[in-house]
Amino acid sequence: MKIGFLFSGQGSQTVGMGKDLYEKYETVKNIYNKAQEITGIDIAKISFEGPEEILNQTKYTQLAILTESLAILEILKEKNIKAEISAGLSLGEYTALINSGVLSFEEGVKIVQKRGEYMQELLPEGDWQMAAIMGLTEEQVEDICKKVKSGFVVPANYNCVGQIAISGEKQAIEEAEIIAKEMGAKKVRILKTAGPFHTEKLVDSSNALRKELENITINKFETKVIKNIDGEFYKDTDNIKEILAKHIINPVRFSKTLENMLNNGIDTFIEIGPGKTLSGFVKRTPTEKDIRILNISDVDSLEKTCTDLSV
């Protein structure tokens with residue numbers, strides 16, 4: 001068995017996330033308390049009680065998802081469940097880097113706090129949206145974005161085979177949806193995000209984050225991590241700070257990330273954090289291997305995963 005961890009990204013949040021874990025495990029409570037000490041934000045209260053319009057604010061969403069994911073990781077460490085390779089969708093890459101030891105817990109939480117703030121506060125004026133197009137190829141989606149005349153829209157997340165998220169102006173997204181359906185798209189779904197993420201429109205956020213990243217310490221990798229911007233493994237020689245600065249203005253190559261994990265022998269995928277989005281991406285990734293897909297977002301799924309892995 002070769003385990004790979006997948007860490008949730010923004011858009012998977014729901015009010016109540018992590019609450020039962022917090023109530024059952026002292027370890028989880030300690031992680032939430034640490035995160036609150038570092039940030040000055042009551043992440044537990046926002047995660048467990050919302051309201052949804054507060055939780056969905058990028059500056060809170062990213063901290064909430066990161067904290068739950070790190071709390072679950074602590075329980076897995078206690079049970080000696082570790083991954084040989086890890087990756088995350090956008091925000092989730094930070095969880096992977098903290099898990100790998102490259103970022104310390106404290107600096108990782110601080111930089112995600114700044115990332116969320118900048119991505120929310122330095123957005124250019126506009127009515128922004130993201131949408132997932134299902135059932136078309138990468139080339140078709142790229143072509144659709146080029147055909148749109150009513151505004152800015154580009155591919156943002158290459159999630160898996162047959163699912164690409166686009167990002168841009170609401171009117172342009174609506175036009176892209178019409179073209180996509182004419183081209184045979186199975187479905188177009190509006191995503192629960194709040195900006196033109198992974199596009200050039202976030203250049204101000206990227207530049208502000210770059211300055212923050214100058215102050216953090218980068219450690220050696222203890223485990224392998226695959227990066228979003230190209231779907232390849234991080235190397236110790238990489239300029240990690242520059243990669244993370246560019247991360248929010250470059251498309252996410254998650255389909256390539258999953259292919260790379262499979263090609264490197266991962267046969268057991270564990271999605272950590274709210275939702276089952278990444279598990280769905282794995283299911284849609286072609287492979288002849290016999291693979292197992294597990295996910296952990298609450299007490300029941302945590303206990304089930306631990307039981308399944310002990311068999």
Side-chain angles (χ1 to χ4, degrees), residues 5-79 81 86 88-99 103-121 191-195 197 209 212 216 270-279 294-306:
F5 286 161
L6 299 174
F7 297 106
S8 303
Q10 193 165 343
S12 58
Q13 69 275 6
T14 54
V15 174
M17 54 187 266
K19 188 171 189 285
D20 64 339
L21 291 160
Y22 180 94
E23 290 171 346
K24 176 155 187 176
Y25 298 103
E26 197 64 32
T27 299
V28 170
K29 196 174 285 185
N30 290 339
I31 293 293
Y32 276 89
N33 290 342
K34 272 191 203 173
Q36 182 174 347
E37 284 170 21
I38 293 165
T39 62
I41 295 168
D42 191 343
I43 299 163
K45 189 175 193 302
I46 292 169
S47 298
F48 307 158
E49 300 174 21
E52 192 172 4
E53 56 268 25
I54 299 296
L55 178 61
N56 285 347
Q57 289 181 27
T58 299
K59 64 181 179 180
Y60 299 130
T61 307
Q62 296 197 11
L63 279 174
I65 293 170
L66 176 76
T67 305
E68 181 184 2
S69 302
L70 291 173
I72 292 167
L73 268 177
E74 282 302 303
I75 299 291
L76 294 180
K77 281 180 194 169
E78 289 177 357
K79 298 182 180 296
I81 297 170
S86 60
L89 183 75
S90 189
L91 159 73
E93 187 160 314
Y94 283 81
T95 321
L97 291 171
I98 295 168
N99 179 56
L103 298 177
S104 69
F105 180 93
E106 184 168 350
E107 289 197 321
V109 170
K110 278 181 181 173
I111 205 69
V112 166
Q113 180 180 17
K114 288 294 182 185
R115 183 180 188 264
E117 286 173 1
Y118 293 146
M119 287 173 72
Q120 179 171 323
E121 293 165 8
L191 302 180
K192 204 163 45 168
T193 52
F197 301 149
L209 186 64
E212 294 290 340
I216 68 169
I270 305 177
E271 178 176 4
I272 294 171
K276 296 182 182 178
T277 300
L278 307 187
S279 299
L294 304 164
N295 71 285
I296 304 172
S297 60
D298 55 22
V299 170
D300 287 347
S301 54
L302 173 63
E303 291 178 348
K304 181 182 184 304
T305 296
C306 292

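Values in this document were obtained by computation on a predicted structure and should not be read as measured data.
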Least distance between heavy atoms, [X] atom then [Y] atom:
X	Y	answer
Ile65	Gln10	CD1-CA, 3.8 Å
Asn295	Ser279	CB-OG, 3.8 Å
Ser69	Gly273	OG-CA, 3.7 Å

Criterion side-chain hydrogen bond (donor to acceptor under 3.5 Å, both in side chains) on Ser301 and Asp298, from CA distance to verdict: CA-CA 6 Å; Ser301 54; Asp298 55 22; 2.6 Å; yes
Name all residues meeting the ring pair (Phe, Tyr, Trp, His ring centres under 6.0 Å) criterion together with Tyr32; count only those two or more places apart in sequence or in a different chain, and write none if there are none.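 Ring pair (Phe, Tyr, Trp, His ring centres under 6.0 Å) list for Tyr32, sorted by chain: Tyr22, Phe48.
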The criterion is ring pair (Phe, Tyr, Trp, His ring centres under 6.0 Å); which residues satisfy it with Tyr25, sequence neighbours excluded?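 Testing Tyr25 for ring pair (Phe, Tyr, Trp, His ring centres under 6.0 Å), a comparison that skips the adjacent residues, returns none.
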Among all residues two or more places apart in sequence or in another chain, which pass the salt bridge (charged side-chain N to carboxylate O under 4.0 Å, His left out) test with [X]?
X	answer
Lys19	Glu23
Lys276	none
Lys29	none
Glu52	none

Please identify each residue that fulfils side-chain contact (heavy atoms from CB on, under 4.5 Å) with [X], with sequence neighbours left out.
X	result
Glu121	Lys59, Glu117
Glu53	Pro51
Ser86	Phe5, Phe7, Ala96, Asn99, Val225

How long is the gap from [atom1] on [X] to [atom2] on [Y], to the nearest 0.5 Å?
X	Y	atom1	atom2	result
Ile272	Ile81	CD1	CD1	9.0 Å
Leu302	Leu294	CG	CG	11.0 Å
Ser47	Ile54	OG	CD1	12.5 Å
Leu278	Ile270	CG	CD1	13.0 Å
Lys114	Ile216	NZ	CD1	13.5 Å
Thr95	Leu6	OG1	CG	11.5 Å

Less than 4.5 Å apart, any side-chain heavy atom of Ser297 and any of Met17?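 No, every pair of side-chain atoms sits at 4.5 Å or beyond.
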Test side chain to side chain donor-acceptor pair (under 3.5 Å) applied to Thr277 - qualifying residues, sequence neighbours left out: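 Counting only residues at least two positions away or on another chain, Thr277 forms no side chain to side chain donor-acceptor pair (under 3.5 Å).
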If you count heavy atoms of other groups shown closer than 6.0 angstrom to NZ of Lys77, is the number above 12?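 Yes, NZ of Lys77 has more than 12 neighbouring heavy atoms, counting only those of other groups under 6.0 Å.
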Distance-only check: which donor-acceptor pairs under 3.5 Å involve side-chain atoms of residues 103-112, not counting sequence neighbours?
| unit_1 | atom_1 | unit_2 | atom_2 | d |
| --- | --- | --- | --- | --- |
| Ser104 | OG | Glu107 | N | 3.1 |
| Glu106 | OE2 | Lys110 | NZ | 3.3 |
| Glu107 | OE1 | Thr217 | N | 2.9 |

Could you walk me through whether Tyr94 and Arg115 pass side chain to side chain contact (heavy atoms under 4.5 Å, CB included), step by step? CA-CA 10 Å; Tyr94 283 81; Arg115 183 180 188 264; 3.3 Å; yes
Inspect the contact between Lys34 and Glu74 and indicate whether a charged nitrogen and a carboxylate oxygen are less than 4.0 angstrom apart.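 Salt bridge: no.
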Side-chain polar contacts of residues 36-46 - donor-acceptor pairs under 3.5 angstrom, sequence neighbours left out - could you list them?
| unit_1 | atom_1 | unit_2 | atom_2 | d |
| --- | --- | --- | --- | --- |
| Thr39 | OG1 | Ala35 | O | 2.8 |
| Thr39 | OG1 | Ile41 | N | 3.1 |
| Asp42 | OD1 | Lys45 | N | 3.1 |
| Lys45 | NZ | Glu49 | OE1 | 3.4 |

Backbone N/O of Thr61 and side chain of Gln13: donor-acceptor pair under 3.5 Å: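 Looks like no, no N/O pair under 3.5 Å.
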Could you check Thr27 against Glu78 for side-chain hydrogen bond (donor to acceptor under 3.5 Å, both in side chains), going step by step and ending with a plain yes or no? CA-CA 9 Å; Thr27 299; Glu78 289 177 357; 2.6 Å; yes
Of Ile296, Ile31, Leu73, Leu21, the residue whose pairing with Glu68 passes side chain to side chain contact (heavy atoms under 4.5 Å, CB included):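 When side chain to side chain contact (heavy atoms under 4.5 Å, CB included) is applied between Glu68 and each of Ile296, Ile31, Leu73, Leu21, only Leu21 qualifies.
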